[in-house]
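Below: the structure, in structure tokens.
Just so it is clear, the structure is predicted and the values come from calculations on it, not from any experiment.
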Amino acid sequence: MANHVPGINGAQSARGRVKDAPKSMKTSWRFIFSYLRRYWWLFITAMFMIVVESTLTALAPDFVSRMADLIADGLHSGIIDLDGVSYNGLIVFLLYLFGTIAMYLRNYWMADISQSVVRDMRSDLQSKMDRLPLRFFDRCRRGDVMSRFTNDSDIVGVALTRSLSVFTHGLVLLVVCTVLMLCTNVVLAFVSMLAAGIGMGVSAIVVRRTQKYYRSQQANIGKMYGLISEMYSAHDVVLAYSANELNREKFDTINESLRASGFHSEITMGLLPAIMKFMSNIGYVAVCIVGSVMVLEELITIGTVVAFILYVKMFMGPLDMISNSLGNIQAAGAGAERISEFLAEEEMGPDGTEPLPESIEGRVEFRDVRFGYSPEVETIKGFSATVEPGQKVAIVGATGAGKTTTVNLLMRFYDLWDGDILIDGVSIKDLSRNDLRSLFCMVLQDTWLFEGTIRDNIAYCSDVSDEVLRKACRDVGLDLLMDTLPNGLDTKIGSKSSLSEGQKQQICIARALVTDAPMLILDEATSSVDTRTEVLIQKAIDSMMGGRTSFVIAHRLSTVRDADLILVMKDGNIVEKGRHEELMSRNGVYSDLYHSQFDVGE
């Protein structure tokens, strides 16, 4: 039974067999040319150099023909016109020399254009990332996004640098050679072009059948990126669950699918040089036979035959160029499709334009909020609550009750289906996302450290002094760690550093401490630290909460006893609200949750 590889869009391909349908190369290259238009003047100059190079190269055989006729006449008469031979030889030398210079210039300019285009594509991809809603990343694998930034854009760059100019050079040279051959001798021109025409017809059939393989190859590379990224980022989990064999099976499935698509694309495109080589040899033989007969009948000179042998080489050369470059051009088309698909993804709704109030008190009102992560399932079902300025609000409930979703909606990571959320009477829909998020500092349950120093991580997007940084470290209990590190705050760390999860969490909390925002969100911020450190951090958090409206998502209910307001959620609704003592006295959902934790032994 065939193994199946799930695609990002839900499509599947059987192991070793390509299921992707080909898409329009015209549309893909129209997308690429939309970037080339930004450098139209340089691109036109490079194309002009291709015309110059092709024309100079195509003119050379005519002067070689004259040299051959002068030498042939000299052999018959016994006197060779050395001046004429030297003159024509010099012309040939200059034609090839200036043709080579033109080739270098067009390669230089095309390299500049291609790298500029790839830079612009990556910049657009990065800008698009900032405008995409979180639901896109909920369904898209990280490795596939990485593949579009790296592999797909690189393939477009390679095609522009090496293939597009070669392809265009081949086309121009083909046209110039055709005109010159027809002007020189129609019969030999027909013989030469007949062989080339057969080769081009077969090549066109091959090209039409290969685009689906290149598209599948690019998609499979994205899947491979995703799997490797996933396995690496969760390597400790893989080892802990002995999932090596399972991951090996997934890897082998994708690897085999990549091998199959790569094999089909390479083997089919590999036919083109072989076909053109075969037809080129046929063309040589045909020109020699027909040309010899015409020389014997004194219809042409030996120089014309020599010229046509060079023309056949030049005529087949462009076809080789075109066939060899088509593989990269098709791969670039597939890569451009994936980039354009990413750039065409639905973006977040429009930003609000309402300015922030001069002073933020921190009153938050939820009015009949409704939301779901998918159109079929409503997660938040008519959530309503009012939080007064400076209150510490705890949001509790069983897993899946909607606690984190509520905070995500407050930060406008997702847009509401219905209802509204107001801050100091202003709808969050009317505020820009940047302004809205500047009102909060967050500490999440999942820690994340960026590549850089501890100083960079704590002062992330904040301009604070060393004194403030060191105070934040003391407040969260990091001062002892700072003393043991060789470079203190300037010690290099990252997401995969040797720090414990508790130490990483302390750094994240210190990051929130130095952020001057009027409201605070804590998502089980002390879950990764030991009890002793938790007490220290809790004091720092309590100090940080002073005067700030705070939202605390809590799983350990012992940490929210002193909250000003506890919202108990169940199935997307607030089922209870009040202070700890009040809720305990009701013997309702909160009381059951609280006692269940202590019965387990908290």
Side-chain angles (χ1 to χ4, degrees), residues 123 126-127 129-132 134 137 142 145-146 149 233 348 356 360 362 404 407-408 410-413 431-529 533 536-538 540-541 543-546 548-553:
S123 295
Q126 174 58 43
S127 298
M129 287 266 289
D130 295 335
R131 301 191 301 272
L132 287 172
L134 279 184
F137 299 99
R142 180 171 58 183
V145 176
M146 292 168 56
F149 272 87
S233 60
M348 293 183 289
L356 282 174
I360 300 296
T404 300
V407 170
N408 286 338
L410 177 60
M411 294 287 288
R412 210 180 169 192
F413 291 146
L431 298 173
S432 72
R433 290 180 176 85
N434 285 340
D435 284 347
L436 170 64
R437 292 163 189 169
S438 69
L439 302 178
F440 296 89
C441 55
M442 293 185 69
V443 182
L444 303 177
Q445 183 176 4
D446 296 326
T447 61
W448 185 260
L449 301 182
F450 303 93
E451 296 296 330
T453 64
I454 294 178
R455 181 195 309 278
D456 296 334
N457 272 273
I458 296 177
Y460 186 63
C461 295
S462 301
D463 186 15
V464 295
S465 65
D466 283 0
E467 181 180 349
V468 173
L469 292 175
R470 291 192 177 91
K471 182 180 185 303
C473 290
R474 286 194 303 270
D475 290 343
V476 299
L478 275 175
D479 49 338
L480 294 177
L481 175 64
M482 294 298 102
D483 292 339
T484 61
L485 294 175
N487 298 315
L489 287 171
D490 295 315
T491 302
K492 294 277 188 179
I493 58 172
S495 59
K496 289 296 179 181
S497 66
S498 59
L499 297 176
S500 69
E501 285 300 314
Q503 290 169 332
K504 293 178 183 179
Q505 188 70 288
Q506 287 173 283
I507 292 175
C508 293
I509 295 171
R511 183 188 299 158
L513 278 174
V514 301
T515 303
D516 186 20
M519 288 181 279
L520 174 67
I521 295 174
L522 301 172
D523 187 352
E524 198 60 41
T526 59
S527 60
S528 298
V529 299
T533 306
L536 183 64
I537 292 177
Q538 195 60 53
I541 290 176
S543 174
M544 182 171 54
M545 286 180 176
R548 296 183 179 185
T549 304
S550 306
F551 295 87
V552 181
I553 297 175

- Would you please test Leu481 and Gln506 for side-chain contact (heavy atoms from CB on, under 4.5 Å) and show each step? CA-CA 11 Å; Leu481 175 64; Gln506 287 173 283; 6.0 Å; no
- Task: With side-chain contact (heavy atoms from CB on, under 4.5 Å) as the test, would you mind laying out the steps for Met519 and Leu410 before giving the verdict?
- Result: CA-CA 11 Å; Met519 288 181 279; Leu410 177 60; over 6 Å; no
- Given Leu439 and Leu356, is the side-chain contact (heavy atoms from CB on, under 4.5 Å) satisfied, shown in steps? CA-CA 9 Å; Leu439 302 178; Leu356 282 174; 4.0 Å; yes
- Query: At their closest point, which heavy atom of Ala459 faces which heavy atom of Leu469, and how far apart are they?
  - Reply: CB-CD2, 3.9 Å
- Message: Please report the interatomic distance CD1(Ile509) to CD1(Ile458), rounded to the nearest 0.5 Å.
- Response: 11.5 Å
- Task: Kindly indicate whether the side chain of Arg470, heavy atoms from C-beta on, has any atom under 4.5 Å from the side chain of Leu489.
- Result: yes
- When rounded to the nearest 0.5 angstrom, what distance separates CG in Asn457 from CD in Glu451? 9.0 Å
- Message: Looking at every heavy atom in both Val443 and Ala512, which two are closest together, and how far apart are they?
- Response: CG2-CB, 3.4 Å
- Would you give the length of the straight line joining atom CG of Leu478 to atom CD1 of Ile507, rounded to the nearest 0.5 angstrom? 5.5 Å
- What pairs with Arg433 under side-chain contact (heavy atoms from CB on, under 4.5 Å), at least two apart in sequence or on another chain? Met348, Asp351, Arg412, Asp415, Arg437
- When you look at Val407 and Asp523, which way does the side-chain contact (heavy atoms from CB on, under 4.5 Å) test go after all the steps? CA-CA 9 Å; Val407 170; Asp523 187 352; over 6 Å; no
- Just by distance, with hydrogens left out, do Thr453 and Asp456 show a side-chain donor and acceptor under 3.5 Å apart? yes
- Task: Give, for atom CZ of Phe149 and atom CE of Met129, the distance between the pair rounded to the nearest 0.5 Å.
- Result: 5.0 Å
- Item | Atom of Cys441, atom of Ala517 and distance for their closest heavy-atom approach | N-CB, 3.8 Å
- Query: Any chance OH of Tyr460 has more than 12 other-residue heavy atoms, nucleotides or ligands included, within less than 6.0 Å?
  - Reply: no
- salt bridge (Lys or Arg N to Asp or Glu O under 4.0 Å) filter on Asp490, not counting sequence neighbours, yields Arg455
- Output for pair (Leu132 CG, Ser127 OG), nearest 0.5 Å, gives 11.0 Å
- Item | Pairwise ring-ring contact (aromatic ring centres under 6.0 Å, His included) hits with a residue in residues 468-487, at least two apart | none
- Rounded to the nearest 0.5 Å, how far does CE of Met442 lie from CD1 of Ile521? 4.5 Å
